[in-house]
Amino acid sequence: MIILMTAVLMVLSAVSLPAGAAGTNEAWAESEFLRLINQRRAEASLAPLAPYWDLVDDARDHSLFQSQGHCPNGDRICHNPALGSVTTNWYALGENVGVGYDVGGLDRAFWESDVHRANVVGNSNYAGVGVVIREDGSMFVTVVFMRGPEGLSGAAESDDYRFPPGADRVGLHDPARGTWALYGSPSSFYYGVPSDVPVTCDWDGDGDTTVGLYRAASGYLYLRNSNDFGVADVAIFYGIPEDIPLCGDWDGDGLETIGIYRPSDRTFYLRNSNSYGFADAEIRFGEVGDVPLAGDWFGDGHHSVGLFRPATGMVYLADGGTRLGNVLALPRTEILAGDQIVVGDWNADGSDTLGYLRPATDEFHLLLGHEPSAQDVIVAFGSNGSAPVAGAWD
């Protein structure tokens, strides 16, 4: 058994951060580090490294350890002295650690160092990347390289799925911090306060999905017409504390508008404008414990309601817009307890389908059809404790 351990430290003399460094989100940085590593391996005619989540967890823990100043002797970065025990079933392990202010700079520093480059193009088949970014913008990264048996549970190619032009993409809302991270964007941003419930739609009809929040304590929806920090463009009182927010183009007029699902009376209350007032449509649908959904399930040009029933693994999709209409019932038994449902048009075919975030692996599983045999694609973009969202961000 061989354990390779290497380290790199970048010291920047500039006081100010490089343009664009502030606000880079950790999930994006982890994905970008792995993409760049696999790009360099491809240039060397080597197979890509698959992310293995047993390694990712430890890489994140070690980056956090370094960022909190726990390295011995006052060192800024350090190796993991327990590298050999971060996982099992390994034949060889290696580690690159570094600190800097941007992904590109750290990637170049690793590549220009012989010992670090040896890990990048070494005889590995798995990797785990962990990034922690401190408030001062400094980025701590740990990359654990591993050679192990093929087909390990929790391993998946990071580039399994590429969202086509016009497709919805996934995103994350961290309710503990009020931050948002949107797939394909290198920057996260603050919007809201802890405990706000996320809801995303095209509120102004310009073709871009933007963020919104439901604040249960006050019954207010706060909608923003751009994906950045700022105040709400629209604030609407609509709901009571138990309500679950959703949104869609209920009447097919091209504008996506607010709605809520009230579990106590198992009723959807839908409004056709983003303004204060009574519901334009009330749809009684479901049972206690159902998870409410909304989407253009059949490419009809309007959204309809739906339900996921965790007790049975069944999904019920209506086609009536502002009425119930016909209901399609489908088994979705692959959705496990703890998975979080998300809806989007993942392949730009005009119809919305289900997806789910599996917190145990930080993976989105996106279904490219309604039928039980529909292709299930994986997107490695997750963070425990965050709620999934989706939309056409740009």
Side-chain angles (χ1 to χ4, degrees), residues 20 22-25 28 163 165-175 177-239 243-261 269-281 293-296 301-303 321-322 342-346 348 350 352 381 386-394:
T24 297
N25 74 71
W28 176 87
F163 292 99
D168 289 332
R169 289 172 288 166
V170 296
L172 296 167
H173 172 255
D174 184 345
R177 297 189 298 169
T179 56
W180 299 75
L182 308 180
Y183 188 96
S185 171
S187 297
S188 60
F189 59 95
Y190 285 91
Y191 183 64
V193 300
S195 77
D196 283 346
V197 179
V199 56
T200 57
C201 262
D202 179 7
W203 310 114
D204 57 2
D206 69 351
D208 292 338
T209 304
T210 51
V211 297
L213 297 163
Y214 177 62
R215 192 160 296 164
S218 64
Y220 266 84
L221 283 151
Y222 296 94
L223 314 180
R224 186 150 173 79
N225 290 328
S226 58
N227 290 316
D228 52 16
F229 175 76
V231 299
D233 293 293
V234 179
I236 310 165
F237 177 72
Y238 193 71
D243 292 342
I244 300 171
L246 58 144
C247 56
D249 181 3
W250 314 118
D251 58 1
D253 68 350
L255 184 66
E256 296 180 353
T257 52
I258 58 175
I260 56 96
Y261 180 71
Y269 296 89
L270 312 178
R271 187 154 172 78
N272 290 329
S273 63
N274 290 316
S275 60
Y276 174 75
F278 293 107
D280 293 298
L293 309 170
D296 183 356
H302 63 75
H303 289 75
T322 54
V342 66
V343 173
D345 181 3
W346 316 120
D352 291 327
F381 185 77
S386 292
V389 294
W393 308 125
D394 50 37

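Below, each value reflects all heavy atoms present in this structure, side chains not excepted, and no hydrogens, waters or symmetry copies. In this text, all values refer to a predicted model and were calculated from it rather than measured experimentally.
The only member of V342, D345, V343, T200 that meets side chain to side chain contact (heavy atoms under 4.5 Å, CB included) when paired with D168 is D345. Each of Y238, F237, Y276 was evaluated against Y220; a single residue qualifies, F237, per the ring pair (Phe, Tyr, Trp, His ring centres under 6.0 Å) test. For the pairing with Y191, the side chain to side chain contact (heavy atoms under 4.5 Å, CB included) check across D196, L213, T210 returns one residue only, L213. Exactly one of D204, T257, D233, I236 qualifies for a side chain to side chain contact (heavy atoms under 4.5 Å, CB included) with L223. That residue is I236. The only option from L270, L293, D243, L246 that meets the side chain to side chain contact (heavy atoms under 4.5 Å, CB included) definition with Y261 turns out to be L246.
For P165 against A348, the heavy-atom pair with the smallest separation is O-CB, 3.6 Å. Considering every non-hydrogen atom in both V199 and C247, the closest pair reads CG2-SG, 3.6 Å. Shown here for W180 and H173, the closest heavy-atom pair between the two residues is CE2-CD2, 3.3 Å. Heavy atoms only, all atoms of each residue included: A294 and W250 are closest at CB-CH2, 3.7 Å. Pairing each heavy atom of V211 with each of W203, the nearest pair is O-NE1, 3.2 Å. When all heavy atoms are compared, the tightest approach of P245 to P198 is CG-O, 4.4 Å.
No side-chain donor-acceptor contact under 3.5 Å links D249 to the backbone of H302. Formation of a donor-acceptor pair under 3.5 Å by the D251 side chain with backbone atoms of G321 is not found in this model. In this structure, the side chain of R271 engages the main chain of F278 through a donor-acceptor pair within 3.5 Å. Not a single donor-acceptor pair under 3.5 Å links the side chain of D296 to the backbone N or O of D352. Without hydrogens or angle criteria, R215 side chain to L221 main chain gives no donor-acceptor distance under 3.5 Å.
For the pair N227 and W393, the minimum side-chain heavy-atom distance is below 4.5 Å. At a threshold of 4.5 Å between non-hydrogen side-chain atoms, the residues W346 and F163 count as touching. Within the 4.5 Å cutoff, no side-chain heavy atoms of T209 are placed close to those of R169.
Atom CG of L182 sits about 9.0 Å away from atom OG of S188, to the nearest 0.5 Å. Here the straight-line distance linking atom CD1 of I244 with atom CD1 of I260 works out to 9.0 Å at 0.5 Å rounding.
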